[in-house]
Amino acid sequence: MQPAIRLFAALLLAALLGHAAPAAAQTDLLKELETQRPDSLPPARDITLATFKGTHIINSQSVETPGQGTLLFLIQHRFGALNSGAYEFFGLDQAVLRLSFEYGLTDRLTVGVGRGSMEKTFDGFLKYRALRQSDGARAMPVSVTLLASSALTSLRFPAAERSFASRLAYTYQALVARKISPALSVQLMPTVIHRNFVDTRRAQNDVYALGGAFRQKLTKRVALTADYFYLLPGATADEFRNPIGLGFDIETGGHVFQLHFTNSQGMIEKFFIPETRGRVSNGDIFFGFNVVRAFTVKDRR
Amino acid sequence: MKYMLIFALSLLLLPPGRAQSKYSTRAGLITFFSSAPLEDIEARNTQVAAVLDLSTGQMAFTVPMKAFQFRRSLMQEHFNENYVESDKYPQATFTGRVLNFQPGLGQPAGPQAVQVEGDLTIHGVKRRITTTGTLEVKNNQLLVQSKFVVAPADYNIRIPALVRENIAKSVAVTVALTCGPVGPLQAVKSK
C-alpha cells in the first residue's frame, strides 16, 4: 500500500503545482502589465501638451504653434486709453486692430502674416518649435520655440519719401517655456529687435529685452495670464516703458478669447517692446482682446 | 528514486499548453468614433497593452490616453486637456473575464464568440461593463476583437453646452489585438 500512497501523493503534488497559477486574479494580470516593460519597445516619450492655450499670451507670442494643417485666424483689438475720459467712452471709441493668419506647415513649423492698423504695418513671421518639453525617454525640461518676424510699415511719410529698407524692422526671439503643473506654465523670452531706421541719432537700432509670462488656469477653460518685457538699459529704456499685460484666456471649443489690460497699443513685437509709452500709474491702460478661430484645412492622415 | 521519476513523468502529463495559455501584446489597436451634428470625431491608439489568460478566461488591458491620435491636432489637445485629463489620469484600464468560459477556449478553429464582463476605468471612474467579442488562436497568436459603446457622461467627462453640437453622447469603441504567447519562462527572463 505504501508505494501506492507515495505515488498518489506525488501525483497530487504535481497536479497542485501545475494548477496553482490559474487561481491568480485579474488584478494580478493588470499588475503584470504595469510592471513588465519589455526592452524591445522603447519607453514612450510623453510630450507635454497645451503649455499655453493660444499662440499669443497677451502681446507676446507663446511657444505654441498650430498643428500641421491647422489655420488660425486672429483678430486683435486694443482700444484707447482708459484715462481718456467719458467723452471717449474710456477708450472704447478708438481702436487699433490687427488681423492675421497663422498656418502650421508641419507640427513644428508655422508661417504667419498679419496687418495692423498702427502705422499701417504688414508683418510676417516664421515660428519653429525647436524643443518640446517631455517626460519619459529623452526627457526635456522645457519647450523652446524660435521666432523670426519682420514688419513693414506702409505709412505715407509727409516729408521726403523713405527707402523701402528704412520701412523694415526685424524681431528675433527665443521662447522658452515650461509647464510646471497642469495649471501653471511660465515662459521666458530673450528678444532682439533690429530697426533699419530710427527717428533720432540717439535712438537704438538694436533693442534688447528680456520677457517673462505665465498662465495660471482658474478652471478647465479659463486662465489668468500675464506678460512683461524688461528693456535692457539704453536710450530706449530711458525713453519708453516696459510693456506689461494682464488678462484672461477663455476657451470655447474652436475659439480662444483673450481679454486683457495692457499699457501697450501695438500688437507686434516691433511696437510693444521698444515703443510702449503707456504709464500704468497714470492710467495709460488699454483694454483689448484677441480672438482666435481655428480651422482645420488639412487632416493629418 | 522510482517515485521521483514518476513525479517527473507526471509533470509531463499535465494539461498540455499550460505554458502557452497566456497571450500578451503592447501594440494593440483601439479606435473610437463618434458622430455629432457638426463633426465626426475619430481617433486611434496603437499602444494598447493587454494580457489574456486562456486557461482562466481572464484579461487585463491598459490604454495610454495620450497615445490616441486624432486627425485634427486641436481635437487631440482638447481630448487630453479638457475631457479625459490625461495628466491626471494617464491611462484607461480594463480587467475582466470571459463569462461563457470553458476550458480549451480559443482552441477550435475559427473565431469564437465570447461574452466579457469586467471593470472599465476611464478618467478615474470605474464601471462594470459587459461586452461581446471574438477570440481566435491562429498561427500561435491570439486574435482579439470587440466593439462596445461608451458614454462620456458615465465617466464623469462633462461636455459644456457650447460644444454639445460637436461631441456625441456615446462613442463607439473598437478593439483589435494580435497577442503573442507568453510562457512563464519568458516572463522570468524579461527584465
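When reading the values below, keep in mind they use all heavy atoms of this one structure, side chains included, and skip hydrogens, waters and symmetry mates. Chain identifiers are assigned alphabetically (A, B, ...) following the order of the sequence lines, protein sequences preceding nucleic acid strands; residue numbering begins at 1 within each chain.
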Exercise. Is A:Arg221 close enough and on-axis enough to B:Tyr83, meaning under 6.0 Å and within 45°, for cation-pi?
Worked result: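 Yes, cation above the ring, under 6.0 Å and within 45°.
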For this session: Classify the ring geometry between A:His77 and A:Phe79 as parallel (under 30°), tilted (30 to 60°) or perpendicular (over 60°).
Result: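 Aromatic pair A:His77/A:Phe79 classed tilted.
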Exercise. What salt bridge (Lys or Arg N to Asp or Glu O under 4.0 Å) pairs are there with at least one residue in residues 60-76 of chain A, not counting sequence neighbours?
Worked result: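 Sorted pair list: A:Glu64-A:Arg129.
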For this session: Examine whether an atom of B:Ala50 lies under 4.5 Å from a heavy atom of chain A, and if so say whether it belongs to the side chain, the backbone or both; otherwise answer neither.
Result: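 Backbone of B:Ala50 only, per the 4.5 Å heavy-atom cut-off to chain A.
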Problem set entry | Short N-O contact, B:Glu39 and B:Arg72, less than 4.0 angstrom |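 Yes, B:Glu39 and B:Arg72 are salt-bridged.
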Exercise. Got a salt bridge between A:Lys179 and B:Glu81, using NZ or NE/NH1/NH2 to carboxylate O under 4.0 Å?
Worked result: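 Yes, charged N to carboxylate O under 4.0 Å.
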Exercise. Taking non-hydrogen atoms and a cut-off under 4.5 angstrom, which of residues 289-298 of chain A neighbour chain B?
Worked result: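 A:Ala294, A:Thr296, listed by number.
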For this session: Applying side chain to side chain contact (heavy atoms under 4.5 Å, CB included), name anything that partners B:Phe148, two or more places apart in sequence or on another chain.
Result: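 For B:Phe148 the side chain to side chain contact (heavy atoms under 4.5 Å, CB included) partners, ignoring immediate neighbours, are B:Leu120, B:Ile129, B:Thr131, B:Ser146, B:Val150, B:Val173, B:Val175.
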Would you be so kind as to tabulate the donor-acceptor pairs closer than 3.5 Å made by side chains of residues 171-178 of chain A, with sequence neighbours excluded?
| residue | atom | partner | partner atom | Å |
| --- | --- | --- | --- | --- |
| A:Gln173 | NE2 | A:Thr191 | OG1 | 3.0 |
| A:Arg178 | NH1 | A:Pro141 | O | 2.6 |

For this session: State which residue, out of B:Thr178, B:Asp53, B:Leu143, B:Asn140, fulfils the side chain to side chain contact (heavy atoms under 4.5 Å, CB included) condition with B:Tyr23.
Result: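 By the side chain to side chain contact (heavy atoms under 4.5 Å, CB included) criterion, B:Tyr23 pairs with just one of B:Thr178, B:Asp53, B:Leu143, B:Asn140: B:Asn140.
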Exercise. Most heavy-atom pairs under 4.5 angstrom with chain A, which of B:His78, B:Lys88, B:Glu77, B:Gln76?
Worked result: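 The candidate making the most pairs under 4.5 Å is B:His78.
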Problem set entry | Which of B:Ile167, B:Asp87, B:Thr62, B:Asn82 touches chain A most, by non-hydrogen pairs under 4.5 Å |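 So the answer, after comparing B:Ile167, B:Asp87, B:Thr62, B:Asn82, is B:Asn82.
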Exercise. Does any heavy atom of chain B fall under 4.5 Å from the side chain of A:Thr252, the backbone, both, or neither of them?
Worked result: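 For A:Thr252, the contact with chain B is made by backbone and side chain together.
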